[in-house]
Amino acid sequence: MTLVSFPPSPARHFAVVVQVNYLSLSLRLVDLVATIPLEKKKRLCLELMRISVISQLQRSFSMEFPSLVSLKLPSPMETHLWYIRPDEVKIPSLLKHYSQLLSPSEIDKVSQLRGDQLKKNALLARTLVRTTIARYQTNNAVDPRSLMFKKNTYGKPEVDWQNYKNCNIPPLHFNISHTDSLIACGVTVHVPVGIDVEDKERKIKHDVLAFAERFYSADEVKFLSTIPDPESQRKEFIKLWTLKEAYVKALGKGFSAAPFNTFTIQSKAGTKGEYNLCKTSEMTTSSLEKTNNCNGEWKFSLLELADSHYAAICIEDDQASGGAPMRVIVRKTIPFVEDELISESILL
């Protein structure tokens, strides 16, 4: 037999280089894995298995909607916080099924947005609201597709519970917030709720103190001015913004009804992640102002989500809590695919 030798082609040369680089990378990975403690190896394997299972579930999503896992209603002074990471929802067929949950008007609003990412995030936001509320059902009375919404006088969305005459669910309050990389929905019973999420790495284009002087109360500006480190100052600015946004959204009256400089958020002494709301005596920060009337009418919690975001929650105190702090239960979800109870959310 005569062996015929062909001159190496560019494609063949590329394949050889890839194989060599792959072998080199594989050897490096072997060396790296050998240095990882056993417990971390187990966690890594479990996470890889979880990602693989989720990917398979999304690809094989059936034509029929599976049932959502029903949950008990939040107890008094308790908030359930659900969040979704848009970058984890990648399969077009799953997004198509989500679109079937929306009302015609919601679909129109989503389709009018410019850019695929904006459309996707808007779709996920509406899906998160519908599937979250539908979990708290009795006798399977609520279907995510049948939910109807209305807006209060100031434009804050609410569930129109009048359409569910045979439903025994106490009125659920919800609020939603989102960034490009995370969408969250908070749920309470009987008391209004406001939430806000902000990326921890969010950049402030202007000087932090100059920006704070435009929007924050004099006491908050004074607090920020005592922080010498610019990075720490930026983080505290974002935390305050998140808390103030949550309060305004819990009020449900819009920013014009409660400008940021008309109230002060202060950390509650001796607590972790709890804050006080103090009304200010002046509508502007152009003169010296006193903060007074610090009360417990509203309760706050500030926590971290997914190591990348600050989340602030504000609820109205029902006066029956006896001063007890708010309890927050956090879950991460890919609706109909995965629900995960997050126990490591960090109160700040």
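Values below: every heavy atom of this structure, side chains too, minus hydrogens, waters and symmetry copies. FYI, the numbering just counts along the sequence from 1.
Within 6.0 Å of NZ in Lys203 there are more than 12 heavy atoms belonging to other residues, nucleotides or ligands. Within a 6.0 Å sphere centred on CG of Asp180, other residues, nucleotides and ligands contribute 12 heavy atoms or fewer. Shown here is Asp116, whose CG atom has no more than 12 heavy atoms of other residues, nucleotides or ligands within 6.0 Å.
Of the charged side-chain nitrogens involved, at least one lies within less than 4.0 Å of a carboxylate oxygen, so that Lys299 and Asp317 count as a salt-bridged pair. A salt bridge does not link Lys332 with Glu338: none of the charged nitrogens is closer than 4.0 Å to a carboxylate oxygen. Taking 4.0 Å as the cut-off between side-chain N and carboxylate O, Arg130 and Glu106 count as a salt-bridged pair.
Not a single ring-ring contact (aromatic ring centres under 6.0 Å, His included) links Phe223 to another residue, sequence neighbours left out. Evaluation of the ring-ring contact (aromatic ring centres under 6.0 Å, His included) rule for His173 yields no partner, not counting sequence neighbours. In this structure, the side chain to side chain contact (heavy atoms under 4.5 Å, CB included) partners of Lys253, at least two apart in sequence or on a different chain, are Tyr154, Ala257. Remark: Ser111 engages no residue in a side-chain hydrogen bond (donor to acceptor under 3.5 Å, both in side chains) (not counting sequence neighbours). For the side-chain hydrogen bond (donor to acceptor under 3.5 Å, both in side chains) test, no residue two or more places apart in sequence or in another chain qualifies with Glu158. Residues passing the side-chain hydrogen bond (donor to acceptor under 3.5 Å, both in side chains) test with Gln112, sequence neighbours excluded: none. Taking Leu209 as the reference, Asp207, Leu224, Ser225, Gln233 meet the side chain to side chain contact (heavy atoms under 4.5 Å, CB included) condition, with sequence neighbours excluded. For Leu95, the side chain to side chain contact (heavy atoms under 4.5 Å, CB included) test picks out Val89, Tyr98, Lys120, Leu123, Leu124, with sequence neighbours left out. In this view, Ser105 and Ser103 satisfy the side-chain hydrogen bond (donor to acceptor under 3.5 Å, both in side chains) rule, not counting sequence neighbours. In this structure Ala306 satisfies the side chain to side chain contact (heavy atoms under 4.5 Å, CB included) test together with Tyr83, Arg85, Leu182, Ser308, sequence neighbours excluded.
Less than 6.0 angstrom separates the ring centroid of Phe260 from the ring centroid of Trp241.
Side-chain polar atoms of Ser146 and Asp143 form no donor-acceptor pair below 3.5 angstrom. Judged by distance alone, the side chains of Asp219 and Thr264 never bring a donor and an acceptor atom under 3.5 Å apart.
Separation of atoms CZ (Phe336) and CG (Leu94) is listed at 9.0 Å; rounding is to 0.5 Å. Rounding to the nearest 0.5 angstrom, the gap separating the CD atom in Glu236 from the OG1 atom in Thr226 is 9.0 Å. Residue Leu71 holds its CG atom at 7.5 Å from CG of Asp339, rounded to the nearest 0.5 Å. We find the CG-OG distance between Leu240 and Ser267 to be 10.0 Å, quoted to the nearest 0.5 Å. Within the model, atoms NE2 of His178 and CD1 of Ile84 stand 13.0 Å from one another, a figure rounded to the nearest 0.5 Å. Taken from CD1 in Ile265 to CZ in Phe300, the straight-line distance is 3.5 Å, to the nearest 0.5 Å.
Of all heavy-atom pairs between Lys150 and Val159, the closest is CE-O, 4.2 Å. Here the closest heavy-atom approach between residue Arg234 and residue Val208 is recorded as CA-CG2, 4.3 Å. Counting all heavy atoms, side chain and backbone alike, Tyr247 lies closest to Cys314 at CA-SG, 3.8 Å. Nearest heavy-atom pair across Tyr136 and His80 is OH-ND1, 2.8 Å. Closest non-hydrogen pair, Arg145 versus Gln100, comes out as CG-O, 3.7 Å. Ser232 and Ile227 get closest at one heavy-atom pair: CB-CG2, 3.8 Å.
Evaluated for a side-chain contact (heavy atoms from CB on, under 4.5 Å) with Trp298, the options Ile315, Asn276, Leu277 yield exactly one hit, Leu277.
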N/O donor to acceptor pairs below 3.5 angstrom from side-chain atoms of residues 191-202, sequence neighbours left out:
residue, atom, partner, partner atom, Å
Asp196, OD1, Ser177, OG, 3.2
Glu198, OE1, Arg202, NH1, 3.1
Asp199, OD1, Glu201, N, 2.8
Lys200, NZ, Glu304, OE2, 3.3

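Contact annotation: the side chain of Pro74 never approaches that of Thr188 to less than 4.5 Å [non-hydrogen atoms, C-beta and beyond]. At least one side-chain heavy atom of Leu302 sits under 4.5 Å from a side-chain heavy atom of Leu243. At a threshold of 4.5 Å between non-hydrogen side-chain atoms, the residues Thr333 and Leu128 count as touching. Looking at heavy atoms from C-beta onward, Pro86 lies in side-chain contact with Ile183 at the 4.5 angstrom threshold. With a 4.5 Å cut-off on side-chain heavy atoms, Phe237 and Tyr216 count as touching. Here the side chains of Val110 and Leu102 are in contact, with some heavy-atom distance below 4.5 Å. Residues Met326 and Ile313 meet the side-chain proximity criterion, which asks for heavy atoms closer than 4.5 Å. Under the 4.5 Å side-chain criterion, counting only non-hydrogen atoms from C-beta, Val129 is not in contact with Trp82.
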Next on the checklist: Could you go through Lys268 and Tyr275, starting from their C-alpha distance and side-chain angles, then the distance that decides it, and tell me whether this counts as side chain to side chain contact (heavy atoms under 4.5 Å, CB included)?
Outcome noted: CA-CA 5 Å; Lys268 187 183 292 187; Tyr275 292 80; 5.8 Å; no
Next on the checklist: If you apply the rule side chain to side chain contact (heavy atoms under 4.5 Å, CB included), what do you find for Tyr310 with Lys235, and how did you get there?
Outcome noted: CA-CA 10 Å; Tyr310 296 127; Lys235 289 182 177 180; 3.8 Å; yes
Next on the checklist: Set out, in order, the CA-CA distance, both residues' side-chain angles and the distance that settles side chain to side chain contact (heavy atoms under 4.5 Å, CB included) for Asn121 and Lys119, then state yes or no.
Outcome noted: CA-CA 6 Å; Asn121 284 11; Lys119 291 179 180 179; over 6 Å; no
Checklist entry - Hey, mind stepping through Thr132 and Phe174 against side chain to side chain contact (heavy atoms under 4.5 Å, CB included) and telling me if it holds? => result CA-CA 9 Å; Thr132 297; Phe174 76 93; over 6 Å; no
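Screening residues 109-135 for ring pair (Phe, Tyr, Trp, His ring centres under 6.0 Å), with sequence neighbours left out, gives no hits.
Using a distance-only test at 3.5 Å, with no hydrogens or angles considered, a donor-acceptor pair links the side chain of Ser99 to the main chain of Lys96. Between the side chain of Glu245 and the backbone N or O of Thr242, no donor-acceptor pair lies under 3.5 Å.
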